[in-house]
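Below: the structure, in structure tokens.
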Amino acid sequence: MDLGTDRSSHAESTDAFWRRRAIAFTGVLATVGLVAWACTGDGGDKKRQIHTAAGLSSPAPSATVSVPAATPTITVTAKVTVRPSAPQRPGDACPPGDVVVNLSSKASDYRGSAEPQFVLSVVNTGKHACTFGVGPKELELRITSGPDRVWSSAHCVRGDGSAIRLLKRGIPYAATITWDRRRSTGGCGGARSPARPGTYVAAVKADNVKAEREVFRLRR
């Protein structure tokens, strides 16, 4: 065997070994580079492709919900100015709430030709003296029997029927009203029919005044 030929063959075998190692190392570097590229932004598309190819659905993107800001509450405060009423002067008309009207019958039964009599009283309970109408125009006495209106103190009254009085505090005005037992029908100058025996009701009718009632009877 030629010694030079053996050394040349050994050198060629060593060169071939390192060339194979270099090619293998280059392949490893290329594989690592592909993996790194797959993990970058473009890799997301490849991952979706891989998921789709594998039959897996991609996760749904998260939705952003906008919550409207709360509407502020507006509170309106109204300022009310109360003006005090002018103080009542002596001689002014009586306020309706300061006047008390009472009605009473002098008897509960009236026999024969006795004429029923009623006492009407008016009292001022206010702080000052005031004026109030006490005539039949302002305070009308009515006598009824059921739905039948039998008599009125304002029927055939003289003048306009008004009577204004100055009422001092706590001092009552009193008047007696007499019924002649005849009905308020027909003219004032003509004959009027008498009322029949029975039960009757006397009541005061006036604006802004509580009605007072008295029950009485006419007998033979």
Please tell me if the side chains of Val99 and Val122 come closer than 4.5 Å, counting only heavy atoms from C-beta onward.
yes
Nearest 0.5 Å please: distance from the CG atom of Leu167 over to the SG atom of Cys130.
5.5 Å
Using atom types as modelled and distance alone, determine if a side-chain donor or acceptor of Arg181 lies under 3.5 Å from a backbone N or O of Gly112.
yes
Could you pull out all residues at least two apart from Arg183 that satisfy side chain to side chain contact (heavy atoms under 4.5 Å, CB included)?
Asp148, Val150, Thr185, Ser193
Any idea which heavy atoms bring Pro172 and Val123 closest together, and the distance?
CB-CG2, 3.4 Å
For Tyr173, check ring pair (Phe, Tyr, Trp, His ring centres under 6.0 Å) against everything at least two apart and list the hits.
none
Which other residues end up in the same hydrophobic cluster as Val201, if Ile, Leu, Val, Met, Phe, Trp and Tyr are linked when side-chain heavy atoms come under 4.5 Å apart?
Val215
Rounded to the nearest 0.5 Å, how far apart are CD1 of Ile171 and CG of Leu166?
9.5 Å
What verdict does the side chain to side chain contact (heavy atoms under 4.5 Å, CB included) test give for Leu103 and Val119, after you've listed the backbone C-alpha separation in whole Å, the side-chain angles of each residue and the deciding distance to 0.1 Å?
CA-CA 6 Å; Leu103 177 68; Val119 177; over 6 Å; no
Please collect all side-chain hydrogen bond (donor to acceptor under 3.5 Å, both in side chains) contacts where either partner lies in residues 155-170, sequence neighbours excluded, each pair once.
Glu138-Ser162
In terms of heavy-atom contacts, Leu218 and Ala195 come closest through CD1-CB, 4.0 Å
CG of Leu141 to CD1 of Ile177: how many Å apart, nearest 0.5 Å?
5.0 Å
Quick one: sort the Trp179 and Phe216 rings into parallel, tilted or perpendicular, breaks at 30° and 60°.
perpendicular
For Arg219, all residues meeting side chain to side chain contact (heavy atoms under 4.5 Å, CB included), sequence neighbours excluded
Asp109, Arg111, Arg217
Residue set satisfying side-chain hydrogen bond (donor to acceptor under 3.5 Å, both in side chains) with Ser105, at least two apart, ordered chain then number -> Tyr110
Over all atoms of both residues, closest heavy-atom pair of Gly133 and Ile164:
CA-CD1, 3.7 Å
Nearest 0.5 Å please: distance from the CD atom of Glu115 over to the CZ atom of Arg182.
9.0 Å
Side chain to side chain contact (heavy atoms under 4.5 Å, CB included) involving Pro95 - partner list, sequence neighbours excluded
Gln88, Asp98
Identify the heavy atoms of Asn124 and Ala129 that sit nearest to each other, and give their distance.
ND2-CA, 3.9 Å
Nearest 0.5 Å please: distance from the CZ atom of Arg192 over to the CG atom of Asp180.
4.5 Å
Separation between OG (Ser153) and CZ (Arg142), nearest 0.5 Å, reads 9.0 Å
Could you list the residues that satisfy side chain to side chain contact (heavy atoms under 4.5 Å, CB included) with Ala154, not counting sequence neighbours?
Pro136, Glu140, Ser152
Contacts of Thr178 meeting side-chain hydrogen bond (donor to acceptor under 3.5 Å, both in side chains) (sequence neighbours excluded), chain-then-number -> Gln117
